[in-house]
Amino acid sequence: MPNVKLHYDIDGNDFTVAGQASSNLKKVLKQLGVSTEVIRKAAISMYEGEINTVIHGKGGAADVEISTDKLIITFTDHGPGIKDISQAMQEGFSTATDEARELGFGAGMGLPNMKKYSDALNISSVLGEGTTVEIIIHLT
Amino acid sequence: MKLQELQTILHATFVTGPDGWEETEVKAACGSDLMSDVLAFVKDQGILLTGLVNPQVIRTAEMMDIKVIVFVRGKVPGEEVIELAKDLDMVILRTENPLYVACGKLYKEGLPGSREDI
């Protein structure tokens, strides 16, 4: 499989377009012949990350690297940062707005879902500067 | 269960779907207004019953390979939602039944949950 790099800008002001990057990634992975199970893991992780970048990061970017053996998705935002990462990883913990909740998110399942569907999840965050989330999914 | 039968059981109105949608066979369903839970817990692709009507419902279904959505409690999806569903060849139905009742009617007629391993 050829090495593929994708870049997506994520608009932090428009909830209605959240998911477009995930939709595109899913199509690309299908075209590359990636297995259904891996596509599902990638699509869910990517979508949760995209939603999180909108809800918490006030927008940002997602960079995807697809190589022969793995897929790496990196989300970067310049939002407020995560105060306590271990707390943010707990199912049910959320600081989401009412707007996010009205759309069916903000129930504190985003990061736990990303962990569940990825093979590795690395988060670094600096308060007041932003957050970087790296998702690794093995292709084989 | 064929969608034609499902439509009859729920007294549902057809909103959009590709030609021949009535013949689509569904094997499982889930009901939720929380999209994060759909992403976390839905195991087998089937239909999604929900009272939420926004584009993220369609996107969530897309990520989970769910091709049929039933909007409950008489909710009416906007044009943007319908157009997105059309682009993705999804079927949308709507019913006046509340979520619990709609799920109960389908379950009673033999359509299982998307997760029954608990």
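Reminder, nothing fancy here: chain letters follow the sequence lines and each chain counts from 1. Computed from a predicted structure; not experimentally measured.
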State the OG-CG distance between A:Ser23 and B:Leu84, to the nearest 0.5 angstrom.
7.5 Å

Step by step, would you call A:Leu103 with B:Met35 a side chain to side chain contact (heavy atoms under 4.5 Å, CB included)?
CA-CA 8 Å; A:Leu103 290 174; B:Met35 294 303 105; over 6 Å; no

Starting from A:Ile135, can I reach A:Val38 by hopping between I/L/V/M/F/W/Y residues whose side chains sit under 4.5 Å apart?
yes

Closest approach of A:Gly104 and B:Leu52, non-hydrogen atoms and distance?
CA-CD1, 3.5 Å

Do A:Leu121 and A:Ile136 sit in one hydrophobic cluster, given that two such residues count as connected whenever their side-chain heavy atoms are within less than 4.5 Å of each other, even indirectly?
no

With clusters defined by side-chain heavy atoms of hydrophobic residues (ILVMFWY) lying less than 4.5 Å apart, directly or transitively, does B:Val101 cluster with B:Leu6?
no

Bottom line for B:Asp37: the part with an atom under 4.5 Å from chain A's heavy atoms is side chain

Could you name each residue pair satisfying salt bridge (charged side-chain N to carboxylate O under 4.0 Å, His left out) that touches residues 93-106 of chain B, not counting sequence neighbours?
B:Arg94-B:Glu96

Check this for me: A:Lys115, atom NZ, are more than 12 non-hydrogen atoms of other residues, nucleotides or ligands nearer than 6.0 Å?
no

Would B:Leu34 end up clustered with B:Ile66 when hydrophobic side chains under 4.5 Å apart are linked, directly or stepwise?
no

Side-chain heavy atoms nearer than 4.5 Å, only ILVMFWY residues, links allowed to pass through others: does that put A:Ile51 and B:Leu88 together?
yes

Exceeds 12 heavy-atom contacts within 6.0 angstrom, atom NZ of A:Lys70
no

Residue A:Glu102 versus chain B: region with a heavy atom under 4.5 Å
backbone

State whether the number of non-hydrogen atoms from other residues, nucleotides or ligands found under 6.0 Å of B:Tyr100 atom OH is greater than 12.
no

By number, which residues in residues 53-61 of chain B have some heavy atom less than 4.5 Å away from chain A?
B:Asn54, B:Pro55, B:Gln56, B:Arg59, B:Thr60

Which pair of non-hydrogen atoms, one from A:Ala43 and one from B:Met63, has the smallest distance, and what is that distance?
CB-SD, 3.7 Å

Which atom of B:Leu39 lies closest to which atom of A:Phe105, heavy atoms considered
CD1-CE2, 4.1 Å

Among A:Arg101, A:Glu91, A:Lys26, which residue has the highest count of heavy-atom pairs closer than 4.5 Å to chain B?
A:Lys26

With a 4.5 angstrom heavy-atom cut-off, which part of A:Phe15 approaches chain B: side chain, backbone, both or neither?
backbone

